[in-house]
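These notes concern the structure reproduced below.
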Amino acid sequence: MAETPHLYLIDGSGYIFRAYHALPPMTRPDGTPVGAVFGFSNMLFKLIQDLADGEKPSHLAVIFDAARKTFRSEIYPEYKAHRPPAPEDLVPQFSIIRDAVKAFGVPAIEMEGYEADDIIATYAKQAADKGFKVTIVSSDKDLMQLVNEQVTMFDSMKNKRIDYTGVVEKFGVGPDRVVDVQSLCGDSVDNVPGVPGIGIKTAAQLITEYGDLDTLLERAGEIKQPKRRETLLENADKARMSRELVRLVNDAPVPFGLDDLTVREPEPGPLLAFIDEQSFRSLKVKVQHHYAGFLDDSPTVDPVSEAVTVEKATYSCITEMADLEAWIVRIMAAGQVTVDTETTSLDVMQADLVGISLSIVPGEACYIPVGHTGDGDGMFAERPHQLDKAEVLKRLKPVLEDPSILKIGQNLKYDISIFARQGIDVAPIDDTMLMSYALESGLHGHGMDELSGLHLDHTPISFKDVAGTGKSQVTFDKVTLEKATDYAAEDADITGRLWRILKPRLASEQVMGVYERLERPLVPVLSAMEREGIRVDVPALKSLSNEFAASIQKLDEEIQKLAGRPFNVQSPKQLGEILFEDMGLKGGKKSSKTGAWGTGADVLEALAAEGHTLPEKVLEYRQFAKLKSTYTDSLVNDVNPETGRIHTSYHLASTTTGRLSSNDPNLQNIPIRSEEGRKIRRAFIAEKGCKLLSADYSQIELRILAHIADIPALKKAFADGIDIHAMTASEVFGTPIEGMDPMVRRQAKAINFGIIYGISAFGLARQLGIERSDAQKYIEAYFERFPGIRAYMDNTIAAAKESGYVTTLFGRKCHIAALRDKNPMHRAFGERAAINAPIQGTAADVIRRAMIRMPQALVDAGLTDVKMLLQVHDELVFEAPEARVDAAIPVIRTVMEGAAAPAIELSVPLDVDVGSGDNWEEAH
DNA sequence: TAAGTCACG
DNA sequence: GACGTACGTGACTTAT
């Protein structure tokens, strides 16, 4: 059975004026004004898109007014006579808008002598008579008389449908009596006289009481209120004439039949040609996406060779809505915008939005202050005039979320988090910091100031210049608008310039894939993790602090006593003097750089092994002092007062290998190796009714080494699930795996780690506390058993020296500057880094891929309440309602174990251990 | 701000 | 022949 045909009639004239007035002027390159054309085209296209998503129209037409003279001016010359002529810059746009409608493949209909409303009424009647459904796309109240069971109106700006109820809300009567009401109350806009002194409410009341206009006028004498009775009797003719003006003609001799309005797909060629002619870039992208399923959200970069220098750029401060609207129109036309936010804090979870800067082309940027408070107490400076924050965000939200508008930024994760807290999902994005990182990790930092100096030869205004430094530093909301504009707008300008320089290099330097697949998509994932945070048991941490404090005090007393004189145990300098001068212990070494005695844990352990008590106590002291100051004391202060959880910040571009780093606080180095330390890990707990889930890759780096260096024996061991360290021991030392001495296995484990780090006999000897010559023998034995390893190392170093960088399996480049250093020691360091980087970096890439896929995989499995909280290099930590734990585990494992595919088919399996518990320690 | 130390993978 | 040396991070403390 065929669906009911559905005719959509679009009130073109209404659309035009709304487009014109909603948007500030814009012109195309030849100077023709096209603001209304742009707005109209966008509205029309949006409507077509929305319709395609929901109720599909079978028939569609856009209706226009032909000329100002109609039969109504014959009846009443004053009809619509007070309307000012169309604005000068709108006039040339009328015909272009008709072309736009045709380009979209929609009939554009107009008739001499009739208003658009009459044509709409005529088609609505014809269609309704044939049993169609009809939707009139307009918010014009004059059309409300047409509403009935088959005919409704749709206000596309407010996205609101107007049916019988909607009409009653507006006029107080049903659609069939709207004409009567309008005849009485008139319409000042159209200059319909009506009856003086009667408005909508009175009119509706009268019509409801008397049934219709004719009855009312006949029985006007019965009206009790004398004044109302008089005016009605006096103006009966005016009311009847008004009815003629207001009542729509529904039998106009329309030029097309209903069949001619059947919906058809537009010809993409002419449509795109039309859009090109108007230079509507963002619309072009949307249209391409809609009609061809093709979306290029990364517009090609315009070469801006003529760009003005940063010094001569023009930066404006936006404090009026009209100026913001103008920027928004330009952003829509450009299809890209550089965005930067200014806030009161570097901590995204504590920061309040103070202002937003935007830039579209180099040399021009604006700053929109929304949260400046002057000096705060109003004593010296008042709160400066600025736009309302909620209003600004409301207007920017559609732009920031528009899939056809690219948002460019420097370290956008921060801004994304700020906007996310305001309910805005910024996408799609490009991040200049990540571009620089993909191109040149290891060569330099990727902060904006550094990149600006490097690529633009320009030192941006420093934050200190505007906010001061040290004790007198103020938050950004206290900065004057002038200073804030100079600083913030420049940041957006510079970021936009960097984008134009870095973006084209991604493809030409073969790191586009890394940027697109490993960097860009991770940004929203990390933003969500950071905002989620993790719960900690504050009382437990406080109690641990006290416990540690007591131990520290006791140890301090013992140490002072043993030393024979008071000194600061925390001072390595003083400790060295006590140990190696006062006490005259041997085995001390002064560092070559500073001449200070070494007092590291390895030194103290050696002394303790000789039977000295003081160094042993110092080791204990240091352990407690470390745990207290770095963890139990400070983590308590890191609990966010609003969320009650700890929110770390992940840095995406700080390592040379592609690993993330975590700071403020660092949650990637929470203790686990010592029993005392594990108590701290137990204080990381799940929310009530939830469990923490920990999933970690088992020996991922050794597995990757086995794959990259192509070592059959190692690969087979992993495939068979054999204990890899025991296997190494049996190969190197010739001892059987069964019943192996744990010490032997430990040595083999150290060798395996050594291999990954770019082994040296010295390093291995020191690690194991054995003779260097013995370490050398082990290494030689290892290389002999697995000859591919040495070949891999030699080849890697040779290639790295040639190019200056090494690459991971996924194409990430890790530049190693030290390789070309003239200092041989530095070069040796570079060689070891070159051996390690592809292994560590590939593992980092693998877990990045897992993290990028994880949120969708959880959603697809219906596990929307399972949250990914932390990443610790080879481990992901989740929080899940108890009832979801069993369902979450296989999803997490599948994503992580399959993370290399399909880009890389690893010749070793990836193994993931998953555990759960009430706290992080238990989850391991 | 640098150096030393130590927490993690 | 001497020199220093396992890879990658961040935070805290003392000393300058």
Side-chain angles (χ1 to χ4, degrees), chain A residues 441-442 567-576 589 591-605 618-619 621-635 637-638 648-651 654-674 676-678 680-681 696-702 705 750-768 772 775 779 806 814 816 818 823-841 843-844 847 870-875 920:
Chain A
S441 92
F567 79 106
N568 184 352
V569 185
Q570 302 229 74
S571 163
K573 186 168 172 280
Q574 294 178 34
L575 176 64
K589 266 185 202 168
S591 89
S592 61
K593 263 189 195 165
T594 59
W597 292 103
T599 68
D602 50 345
V603 176
L604 299 186
E605 272 163 24
V618 171
L619 281 168
Y621 176 100
R622 280 187 179 167
Q623 188 195 13
F624 287 119
K626 175 79 174 182
L627 296 179
K628 182 170 186 289
S629 70
T630 308
Y631 301 103
T632 56
D633 283 352
S634 54
L635 284 175
N637 295 323
D638 289 323
T648 183
S649 170
Y650 289 101
H651 205 317
S654 71
T655 71
T656 52
T657 57
R659 270 192 178 179
L660 304 178
S661 72
S662 155
N663 59 31
D664 296 310
N666 183 355
L667 295 187
Q668 290 182 324
N669 70 346
I670 299 304
I672 192 172
R673 292 174 186 170
S674 74
E676 291 301 321
R678 273 199 288 276
I680 290 163
R681 198 167 273 239
D696 68 293
Y697 285 107
S698 162
Q699 277 129 14
I700 187 170
E701 295 193 353
L702 274 178
L705 173 70
I751 296 174
N752 278 332
F753 274 101
I755 295 292
I756 291 169
Y757 296 150
I759 202 160
S760 77
F762 180 93
L764 182 62
R766 203 180 60 164
Q767 181 68 28
L768 288 176
R772 201 166 143 178
I779 292 167
V806 292
C814 309
I816 296 165
N823 180 330
M825 200 181 79
H826 291 175
R827 274 206 307 278
F829 171 75
E831 291 178 4
R832 291 194 297 274
I835 290 166
N836 175 258
I839 302 166
Q840 186 182 115
I847 199 164
L870 302 177
Q871 189 250 42
V872 193
H873 309 308
D874 63 357
E875 174 191 10
W920 194 1

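Just so it is clear: chains get the letters A, B, ... in the order the sequence lines come, proteins before strands, and each one is counted from 1.
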Expressed as a whole number of Å, how far does the P atom of C:dA6 sit from that of B:dG4?
-> 14 Å
With respect to the side chain of A:Thr655, which nucleotide from B:dC8, B:dC6, C:dG8 is positioned closest?
-> C:dG8
Side chain to side chain contact (heavy atoms under 4.5 Å, CB included) partners for A:Ala828, two or more places apart = A:Arg832
Where each pair must be Watson-Crick or G-U wobble with both distances under 3.5 Å, what dot-bracket representation of DNA chain C is obtained, with crossing pairs in [ ] and other-strand partners as |?
-> ......|||||||||.
For A:Ile672, report the nucleic acid contact type (base, sugar-phosphate, nothing); a contact means any heavy atom under 4.0 Å.
-> sugar-phosphate
Can you tell me if A:Ser649 uses its side chain to pair, donor with acceptor, with the backbone of A:Asp664 under 3.5 Å?
-> no
May I ask you to say what A:Ala750 touches in the nucleic acid, namely base, sugar-phosphate or nothing, with a heavy-atom cut-off under 4.0 Å?
-> base
Close side-chain approach of A:Arg772 to A:Arg766, heavy-atom, < 4.5 Å | no
Whole-Å distance separating the NE2 atom of A:His826 from the P atom of C:dA6 | 13 Å
In whole Å, what is the span from the CD atom of A:Glu676 to the P atom of B:dA7?
-> 12 Å
Value in whole Å for how far the P atom of C:dT5 lies from CG of A:Asn823 = 11 Å
Proximal nucleotide (of B:dG4, C:dT9, B:dC8) relative to the A:Thr656 side chain = C:dT9
Please report, rounded to the nearest Å, how far the C1' atom of B:dA7 is from the CZ atom of A:Arg678.
-> 14 Å
Could you list the residues that satisfy side chain to side chain contact (heavy atoms under 4.5 Å, CB included) with A:Glu875, not counting sequence neighbours?
-> A:Arg681, A:Ser694, A:Asp696, A:Val872, A:Val877, A:Trp920, A:His924
Contact class for A:Ala833 vs. all strands (heavy atom < 4.0 Å): base, sugar-phosphate, or nothing?
-> sugar-phosphate
What residues, two or more places apart in sequence or in another chain, satisfy side chain to side chain donor-acceptor pair (under 3.5 Å) together with A:Thr656?
-> none
Within the structure shown, what part of the strands sits under 4.0 Å from A:Gly758 by heavy-atom distance: base, sugar-phosphate, or nothing?
-> nothing
May I ask you to decide whether A:Glu605 forms a salt bridge with A:Arg622, counting only side-chain N to carboxylate O separations under 4.0 Å?
-> no
Please state how far atom OH in A:Tyr621 lies from atom P in B:dC6, giving the value in whole angstrom units.
-> 13 Å
Which nucleotide in C:dA6, C:dC7, C:dT5 has an atom nearest any side-chain atom of A:Leu764 | C:dA6
Is any side-chain heavy atom of A:Leu764 less than 4.5 Å from a side-chain heavy atom of A:Ile755?
-> no
Go along nucleotides 10-16 of chain C 5' to 3' and tag each nucleotide: B for a protein heavy atom under 4.0 Å from its base, S when only backbone or sugar atoms are that close, - otherwise.
-> BBSSSSS
Kindly write out the residues that satisfy side chain to side chain contact (heavy atoms under 4.5 Å, CB included) with A:Tyr757, not counting sequence neighbours, or none if the list is empty.
-> A:Phe753, A:Asn836
Between C:dT5 and B:dA3, how far apart are the P atoms? Round to whole Å, please.
-> 14 Å
Measuring from A:Asp638:CG to A:Asn666:CG, what's the distance to the nearest 0.5 Å?
-> 10.5 Å
Identify whether any heavy atom of A:Arg772 sits under 4.0 Å from a base atom; if not, whether one sits that close to sugar-phosphate; answer base, sugar-phosphate or nothing.
-> base
Side-chain contact, heavy-atom cut-off 4.5 Å: A:Leu660 with A:His651?
-> no
Would you kindly give the NE2-to-P distance between A:His873 and B:dA7, to the nearest whole Å?
-> 16 Å
Do A:Gln623 and A:Leu627 come within less than 4.5 Å of each other through their side chains, counting heavy atoms only?
-> yes
Protein-nucleotide distance (A:Glu605, atom CD; B:dC6, atom C1'), rounded to Å = 12 Å
So does A:Arg659 get a side-chain nitrogen or oxygen closer than 4.0 Å to the phosphate oxygens (OP1/OP2) of C:dG8?
-> no
Could you tell me whether the phosphate oxygens of B:dA7, OP1 or OP2, come under 4.0 Å of any side-chain nitrogen or oxygen in A:Arg622?
-> no
Proximity to the side chain of A:Leu627 - top-ranked nucleotide from C:dG8, B:dA7, C:dA6 | B:dA7
For C:dA6, does OP1 or OP2 lie under 4.0 Å from any side-chain N or O of A:Arg766?
-> yes
Let me know the distance between CG of A:Asn836 and C1' of C:dT9, rounded to the nearest Å.
-> 12 Å
